[in-house]
**Q** 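Once you've had a glance at the structure underneath, I'll fire off some questions.
We count ligands from 1, going down the list as the structure has it; atoms in each ligand are counted the same way.
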Amino acid sequence: MPRVTISPLEGIIAALAAVVAFGPAPASAFYFPGVAPTSYKTGDRVPLYVNRLTPADSQDDPKLRSVFSFDYYHEQFHFCKPEDGPEYRPESLGSILFGDRIQTSAFELKMGVNETCKALCGDNVFTPEDARFVNSRIAMGYDLNWLIDGLPAAQLLKEVNSDEPFYSPGFALGRVDEEGRAEFNNHYNILIDFHEATNGKYRVVGVLVDPYSTTDPQRQDDGTMQCGNLEHPVYLDEDKDTKVAFTYSVYWRPSPTPFATRWDKYLHVYDPKIHWFSLINSAVIVVFLIGMVSTILVRTLKKDIARYNRLEQFALDDFGGTDSIEDGVQEDSGWKLVHGDVFRPPRNPLLLSVMLGNGAQLFMMAGLTIAFALLGFLSPSNRGALGTVMVILYTFFGFIGGYVSARVYKFFGGEAWKLNFFYTPVALPGLVFATFFLLNLFVWMRGASGAVPFTTMLILVIMWFVISLPLSLAGSWLAFKQPVISAPVHTNQIPRQIPPAGGYLRPIPSMLLAGILPFGAIFVELYYIMNSIWFSKVYYMFGFLFICYGLMIMTCAAVTVLMIYFLLCAEDYHWQWRSFFTAGASALYVFASALLYWLKAVSFTNWTSGVLYLGYSALLSALFFVLTGTIGFFASGLFVMKIYRSIKVD
Ligand SMILES: *[C@@H]1O[C@H](CO)[C@@H](O)[C@H](O)[C@H]1NC(C)=O
C-alpha cells in the first residue's frame, strides 16, 4: 500500500490559507522552503523509482484509448523487480489521488559512471495470454513513467512549429511497426544530465530515456554485453511462450543547466498563441458585457430611480394625486412594481442555501489554489502538491460553506435550521464522494492500478469528519447567531401575479443564452486541463488559468445581473433560483465540451473507460454548476439589494 505523507510545505500552505481566510494575517515573514536539492559524489547510487504506466498520446496518433493506468509491477508486464521485492515510496495525498504509485526498482545508477548493456533480472517468459495483454497495451500507446531524483524520465520531442526541443515526461512501452506488429521495448538507454554544483558534488538536472526493442543482447569475449542490434525487435508471440531479457545502458552527460532551472525544459507551453488568443477573446467578451451592465446600471437605472422617486415626491406633494395621469401610466411598468415580492423567499430555500454554501466553499478553494499555484508554491517539482492543497483547502473552507449556507437560509426565513446545518457539509461532499467511490470500484474491478487505495479513501473520510464537519457546523452556528440580513423593502402578504414572459426570458432560452458566455471565458484553458487530466500530463499554466478564473467570475456576474434586470423589468420576481441556474448553465456547456473532446481526442476500446470518462466529466460539471451558480446568485443578490435600496417605497 502506498503511504500517505503531507509535506511541511503543503502543511504551511494550508495553515497560511486558513490564516488568510479566517483572520487578519501578519503578511510579513512566511518562509516557503523550495524543493531541497540532493547532491551526489561520483559513484554514489542515484535511485530510480518507477511509477504507474499511463495511457498517452503518440505524436502520429494523438488519441486517448483508455483511462486506466497500471501498476509498474503488474504481473503481465514481467518487468524486473528489485531483489528484495519492490517497495512503495511515501507520497502525498494529492499524488495518490491523482494516480501516482511510486515504487523502488532494480536499476542501479551510479553518479557519473557510464554503463553499457547491463542485464536486469534473468529471462522473463511471456505466455500467450500475457503477450496479448502487453501487445494491446502497446497498441493503446501506454507510456512508462520513471523518476530519477524527482525528475520524470522523458522523451525528447520537438515543437512542431519552432523545432525547439523539449522534454516530454514518459516514454513508450513499445511501438507498432509498419506491418501492424507490436514491438516490445526491452532495452533502455538512459541519458542523465548532471551539473557540478560545488567541487565534486553533482546534481541531476535532466533525464531522457531512449527505449529500444532488441532480441539478441550479445555477450562479448571480454564478458561485457553488447545490445545495440535493432534489426531484430522483440515481438511477443500470442501463440507460444516468448522469452525476453531486459537490459539498460546509462550515459551521464555534463550539463550547464543549474538545479534551479532544471524543470524549465519539461514545462513546455504548447502553442502559447492559442492561450493569448483565447484570453484576448474572453477579455473582449467581458469588456463588452461589463460595458452593457454598467450602461444599464448607470443610465437606465438612474433614470428609473429618478423617475420613481419623482413620482413618489409628486404623490406626496399633491395629496389628491392618485388619479394623476402620469402616475397611472408610469408606475405601471418596470422593476419597481415587484418591490413587494422581490424578497419573497424562493421555493425550496433549504436546497438553495445548501448549494450556495457549498458553492462558496468551492469558490474559495478554487481561487486560493490557483493563486498559490500562480505564486509558484505548487510547482510540478513538488509532486502531488496541487491535489493535496486542494483537498486541504476544501476541508478547511467547510467553515465558509457552513457560514454562507446558514446566513442565506436565515435570510430566506428558513426554519428547519437543523436540516440546514446537517445538509450543508453532508449533501454535496457525500454525493461527490459516493460518485468517486463508485467510479473507483470500476477501476478496482478492472484490476488497474489507478484505483485509489482504501486507506487513502479512509483518510479522506476522516479528514472530512474530523476537520470539515466541525468547521462547517461552527460556521453555521456563527451565522445563525448573527442578525438576519434585512431586506430594503417589505414583502407584501399576497404574492403578485406574474405576467407570462416570452422570448429569451423563458427559463431555458435565458439559461442557454447566458451560460455560453462564462464558458467562452474558460474553454481553451478547459481543453488543456482535460488534456492534462486524461493524458496524465502536468498542468502548470496557472498564469493563464488565474486570469481565466477572474474573467469567468466577471462574466458570470455580469451576464446574470443583466438577465435578472430584464426579468425584474418583466415583473417576474423569482430571481433567486433563476440567477443560480442562469450562471450555472455554463456547466451544461462544460459537459458538452467533454463530449466533444471525446469525439475529437478519445477512442476507447472498452466500455468501462467510457463509463469512467463520462462519470468524471459529469462530476466535474456538477461541481462547476454549483460554483458558477453561486457566483451568479450572489452577484444578482447584491444587484437586487442595491437597486431596491435606492428607491423610496411607501
Ligand atoms: C558517458 O557517456 C556520455 C555520453 O556518451 C559521454 O559524454 C561521457 O563523457 C561519458 N562519461 C564517461 C565518464 O565516460
**Q** Could you check whether atom CZ of Phe436 has more than 12 heavy atoms from other residues, nucleotides or ligands sitting under 6.0 Å from it?
**A**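 Yes.
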**Q** Between CE of Met552 and CD1 of Ile522, what distance do you get to the nearest 0.5 Å?
**A**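 Output value for this atom pair is 6.0 Å.
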**Q** Classify the side-chain pair Tyr251/Asp210 by whether it contains a donor and acceptor separated by less than 3.5 Å.
**A**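 The criterion, which ignores hydrogens and geometry beyond distance, is not satisfied for Asp210 and Tyr251.
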**Q** How about CZ on Phe437, more than 12 heavy atoms from neighbouring residues, nucleotides or ligands closer than 6.0 Å, or not?
**A**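 Not more than 12 within 6.0 Å, no.
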**Q** Where does the angle between the aromatic ring planes of Phe77 and Phe79 fall among parallel (under 30°), tilted (30 to 60°) and perpendicular (over 60°)?
**A**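 Phe77 and Phe79: parallel rings.
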**Q** Per the salt bridge (charged side-chain N to carboxylate O under 4.0 Å, His left out) rule, which among Glu178, Glu179, Glu183 passes with Arg181?
**A**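 One option only clears the test, and that one is Glu179.
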**Q** Dump all N/O pairs between ligand 1 and the protein below 3.5 Å as a table: atom names plus distance, one pair per row.
**A**
from     : atom 1 : to     : atom 2 : distance (Å)
ligand 1 : 2 (O)  : Asn114 : ND2    : 2.3
ligand 1 : 11 (N) : Asn114 : ND2    : 2.9
ligand 1 : 14 (O) : Asn114 : ND2    : 3.3

